[in-house]
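To start, the structure under review is shown below, and the notes come after it.
Just so we're on the same page: letters track the sequence lines, and every chain starts at 1.
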2 protein chains.
Amino acid sequence: MADSSLTLAEVVADRIRARLTFGVLTPGQRLSEAALARDLGVSRNTLREAFRLLTKDGLLEHKTNRGVFVATPSMGAIIDIYHIRRIVECQALRMAHGRHPAVARMAEAVAAAQAAQGHQDWRAVGNANMDFHAAIVELADSPKLTAFYGNLAAELRLAFGLLKLPRNLHEPYIGMNADLLATVQDGQYETAARQLDRYLSQSERAVLAALSGQGGGG
Amino acid sequence: MADSSLTLAEVVADRIRARLTFGVLTPGQRLSEAALARDLGVSRNTLREAFRLLTKDGLLEHKTNRGVFVATPSMGAIIDIYHIRRIVECQALRMAHGRHPAVARMAEAVAAAQAAQGHQDWRAVGNANMDFHAAIVELADSPKLTAFYGNLAAELRLAFGLLKLPRNLHEPYIGMNADLLATVQDGQYETAARQLDRYLSQSERAVLAALSGQGGGG
DNA sequence: GCAATCGGTTTTGTTCAACATTTCAGTTGA
DNA sequence: TCAACTGAAATGTTGAACAAAACCGATTGC
């Protein structure tokens with residue numbers, strides 16, 4: 001009875017979302033309505049509603065008369081996402097101002113990443129990195145833009161789950177995030193923006209290389 | 001039976017969307033499942049699926065156990081949208097290059113607006129203006145960003161429907177669009193970006209003034 | 001008179017069973 | 001080998017039904 005103003009379809013969507021980020025469901029996999037409904041103990045109609053919610057978040061893809069599939073971020077989609085990130089994040093940095101609450105969040109994310117590094121918990125490092133960039137977007141003070149970025153991040157997370165990011169793909173960003181944070185705290189927003197642009201280009205190349213290197217030829 | 005690979009729910013969503021942009025359904029209005037389902041000749045379940053699709057586009061709002069309502073773009077939402085437009089459209093302009101196909105679309109939109117002006121068809125002028133700005137976003141060559149902008153535009157259209165934009169709110173932009181297009185065709189992208197920034201600020205002020213001036217105090 | 005409470009009504013949330021339609025896979029036939 | 005056909009499986013859609021929540025009005029109590 002843990003539902004408070006949460007629709008059953010939303011609860012179901014959350015459970016599926018958990019399976020997605022946990023890696024139980026892998027990109028490209030087809031989700032059978034009947035089987036999943038039986039498994040989750042809900043009706044097909046409710047499950048279909050949950051599907052809509054997740055499709056809206058870009059986690060699932062719906063093909064008419066074919067079924068629902070776990071989204072498979074294509075190479076093109078990843079390039080697109082990094083393209084947008086450069087536009088949005090860099091511009092958000094330029095709009096930063098002194099004591100914006102998001103700066104504190106950036107600092108928290110950096111600290112969390114460093115702590116996780118100490119425990120060699122690379123998944124936590126990855127999450128902290130995501131939080132860091134989400135905080136950057138929050139600098140723009142735009143709820144809609146933040147929500148949109150959340151969708152992109154979810155899709156990217158999906159791609160990251162596909163390739164189990166090894167240590168060397170996560171570790172470098174800990175220091176880079178710290179540097180970027182310092183630049184921002186120093187008030188050099190334009191410099192930070194250019195710094196992030198290079199940062200993202202490098203990150204994109206690394207991810208694409210890793211993807212193409214392990215059979216991402218979908 | 002003009003459906004080809006289009007789900008009935010999608011068709012229904014399109015019909016509702018048409019009613020929204022046409023103004024039959026006004027912001028804040030509640031949509032009864034039973035009544036609308038009967039009216040549209042579909043089952044409640046199908047209509048609910050259509051609701052999900054439209055909610056995803058930001059045109060409808062869903063309140064648990066309360067029903068579905070036509071979204072009422074708040075003052076804050078409009079400010080947010082213009083904020084994002086400045087970020088996205090201006091940056092897209094900076095990324096423009098010589099013979100990008102989107103430039104041709106911008107030209108088409110300008111021509112369409114001028115033609116509509118001749119017929120004093122202000123609704124068509126408004127649509128052409130929307131097309132013009134959508135073309136600007138296409139300069140960024142990002143499908144996801146284009147889709148996102150489409151949602152914002154739909155929400156803005158909703159707000160515009162609320163206040164029946166009079167002639168003087170549409171007409172000035174015809175010339176401004178033409179000027180902007182000329183700057184772009186001249187290859188002065190940075191100049192165009194700054195020009196658009198002022199343009200959008202002015203537009204935002206005009207819209208907000210019109211909104212607050214006719215009882216938008218929701 | 002007014003506020004809080006109590007029921008009945010309406011509406012949404014959810015399920016179920018059924019059928020139409022489409023896709024898919026295996027078989028048949030040339 | 002390949003094309004067309006056939007039947008099974010999955011999705012698309014419907015209608016009815018019931019639970020639970022919200023809404024509305026009347027009653028009750030102060």
Query - Phosphate OP1/OP2 of D:dT11 contacted by A:R30 side-chain N/O (<4.0 Å) - result: yes
Requested in this report: Would you kindly give the CD-to-P distance between B:E10 and D:dT13, to the nearest whole Å?
Outcome: 8 Å
**Report entry** Whole-Å gap separating C1' (C:dT14) and CZ (A:R48)
**Finding:** 15 Å
Report task. Report the residues that fulfil side-chain contact (heavy atoms from CB on, under 4.5 Å) with B:A206, sequence neighbours left out, ordered by chain and then residue number. Result -> B:L169, B:Y173
Query raised in the report: In dot-bracket form, how is DNA chain C paired, counting a Watson-Crick or G-U wobble pair only if both its distances are under 3.5 Å and using | for bases paired to another strand?
Result: ||||||||||||||||||||||||||||||
Report summary line: Picking from D:dT11, D:dG12, C:dT12, the nucleotide nearest the side-chain atoms of A:S32 would be D:dT11
Report summary line: Among D:dG12, C:dT14, C:dG13, the one nearest any side-chain atom of B:H62 is C:dG13
Query raised in the report: How would you label the contact of B:V68 with the nucleic acid (heavy atoms, under 4.0 Å): base, sugar-phosphate, or nothing?
Result: nothing
Query raised in the report: Could you give the CG-to-C1' distance, from A:L36 to D:dA10, as a whole number of Å?
Result: 14 Å
Report task. Find the distance A:Q29:CD to D:dA10:P and express it as a whole number of Å. Result -> 15 Å
Query raised in the report: Going by distance alone, is a donor N or O of one side chain under 3.5 Å from an acceptor N or O of the other, for B:R157 and B:N127?
Result: yes
For nucleotides 17-21 of chain C, which of its nitrogen or oxygen atoms have a protein nitrogen or oxygen under 3.5 Å away, and what is each distance?
none

Report task. Kindly state each residue pair satisfying salt bridge (charged side-chain N to carboxylate O under 4.0 Å, His left out) with at least one member in residues 76-91 of chain A, sequence neighbours excluded. Result -> A:R85-A:E89, A:R86-A:E204
**Report entry** Spacing between A:R38 atom CZ and D:dA9 atom C1', to the nearest angstrom
**Finding:** 13 Å
Query raised in the report: Mapping B:R66 and A:T46 onto DNA chain C by nearest heavy atom, which one lands closer to the 5' end?
Result: B:R66
Query raised in the report: To the nearest angstrom, how far is A:R52 atom CZ from D:dT11 atom P?
Result: 12 Å
Report summary line: Across all chains, not counting sequence neighbours, the side-chain contact (heavy atoms from CB on, under 4.5 Å) partners of A:A71 are A:E61, A:L158
Report task. Not counting sequence neighbours, which residues clear side-chain contact (heavy atoms from CB on, under 4.5 Å) with A:A113? List them please. Result -> A:A128, A:I174
Report task. Return each pair, listed once, that meets side-chain hydrogen bond (donor to acceptor under 3.5 Å, both in side chains) where at least one residue sits in residues 110-120 of chain B; pairs must be two or more places apart or across chains. Result -> B:Q117-B:E171
Query raised in the report: Looking at CZ of A:R15 and CG of A:L36, how far apart are the two atoms once the value is rounded to the nearest 0.5 Å?
Result: 9.5 Å
Query - Between D:dG12 (C1') and A:K63 (NZ): distance, integer Å - result: 18 Å
Report task. Could you note down all residue pairs passing ring-ring contact (aromatic ring centres under 6.0 Å, His included) where residues 45-69 of chain A supplies at least one of them, sequence neighbours left out? Result -> none
Name each donor-acceptor pair under 3.5 Å that joins a side chain in residues 97-112 of chain A to protein atoms two or more places apart or in another chain, with its distance.
residue: A:H100; atom: ND1; partner: A:A102; partner atom: N; Å: 2.9
residue: A:H100; atom: NE2; partner: A:D141; partner atom: OD1; Å: 2.9
residue: A:H100; atom: NE2; partner: A:D141; partner atom: OD2; Å: 3.1
residue: A:R105; atom: NH1; partner: A:E138; partner atom: OE1; Å: 3.0
residue: A:R105; atom: NH1; partner: A:E138; partner atom: OE2; Å: 2.9

Query raised in the report: In terms of the nearest nucleotide of DNA chain C, which residue is placed more toward the 5' end: B:L31 or A:L47?
Result: B:L31
Report task. Specify the separation, in whole Å, of atom CD of A:E33 and atom C1' of C:dT22. Result -> 13 Å
